[in-house]
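Everything below concerns the one structure shown next.
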Amino acid sequence: MNKSCTFCRVVSGRSPRRSLMYQDDQVSAFKAKYPRSTSHVLVATNEHILQTDIFKPRFTLSDFYREKEPVYWFHTFVSPEYQTLLRKMAMIGRRVCPNGELVFHVPPFNSIEHLHLHCITGKYQNVYREIA
């Protein structure tokens, strides 16, 4: 556990305003603090795992964007020891957000350095539209 990590505090129960929707020995699900849609749930690992740690050595963003099918993404870029965990996160995401889209961040486009999955349903609220 990383004491300065927001998600570590949430999954450990040290964040009183954030209640868990699901928790087991590996992952936890909770509502996003700043939702970007009608329903925005996060599935995070209970252990502090960096987003970048899941990728195989020599992974580059240009490699990722060449892939057309998400099925290849797991086998091509994710280290074998994390593939089962990511599939479990997706399964829990489907359970707490049945008709939602499941989205992992691709580094460097992540704001929290803790492995997590976004489960999004409903109308998407584009953060960039607010800035413009």
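In this chain, residues are counted from 1 in sequence order. For the numbers below, each heavy atom of this structure counts, side chains included, while hydrogens, waters and symmetry mates do not.
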(Q) Minimum heavy-atom separation for Thr6 and Ile112, please, with both atom names. (A) CB-CD1, 4.3 Å
Q: Verify the cluster assignment for Val27 and Met91: are they in a single hydrophobic cluster under the rule of side-chain heavy atoms below 4.5 Å apart?
A: yes
Q: Please test Thr38 against Ile120 for side-chain contact (heavy atoms from CB on, under 4.5 Å), starting from the C-alpha separation and ending with a verdict.
A: CA-CA 8 Å; Thr38 308; Ile120 300 170; over 6 Å; no
Q: May I ask you to check whether over 12 heavy atoms, not counting those of Lys31, lie within 6.0 Å of atom NZ?
A: no
Q: Measure the CE-SG distance between Met89 and Cys119 for me, rounded to the nearest 0.5 Å.
A: 8.5 Å
Q: Could you pull out the closest heavy-atom pair between Phe30 and Ser19, with the gap in Å?
A: CB-O, 3.7 Å
Q) Which of these passes side-chain contact (heavy atoms from CB on, under 4.5 Å) with Cys8: His48, Arg14, Glu47, Lys3? A) His48
Q: Over all heavy atoms of both residues, which pair between Asn46 and Ser28 is shortest? Give the atoms and the distance, please.
A: OD1-OG, 2.6 Å
Q. So among His114, His116, Gln26, which one has a side-chain hydrogen bond (donor to acceptor under 3.5 Å, both in side chains) with Thr45?
A. His114
Q) Can you tell me how far NZ of Lys88 sits from CG of Leu117, rounded to the nearest 0.5 angstrom? A) 13.5 Å
Q) Which atom names give the shortest non-hydrogen contact between Ser12 and Arg9, and what distance separates them? A) OG-O, 3.1 Å
Q. More than 12 non-hydrogen atoms from neighbouring residues, nucleotides or ligands closer than 6.0 Å to CG on Asp24, yes or no?
A. yes
Q: Give a yes or no on this: more than 12 heavy atoms of other residues, nucleotides or ligands lie within 6.0 Å of atom CD of Gln23.
A: yes
Q | Hphob cluster co-occupancy, Leu50 + Val103, side-chain heavy atoms under 4.5 angstrom | A | no
Q | Smallest separation among heavy atoms of Leu102 and Ala90, with atom names | A | CD1-O, 3.5 Å
Q. Would you call the rings of His118 and His40 parallel, tilted or perpendicular, where under 30° means parallel and over 60° means perpendicular?
A. tilted
Q) Rounded to the nearest 0.5 Å, how far apart are CG of Leu115 and CG of Leu86? A) 5.5 Å
Q. Which pair of heavy atoms, one from Cys97 and one from Thr121, lies closest together, and at what distance?
A. SG-CG2, 3.3 Å
Q. With a 4.5 Å limit on heavy-atom distance, are the side chains of Leu42 and Phe7 in contact?
A. yes
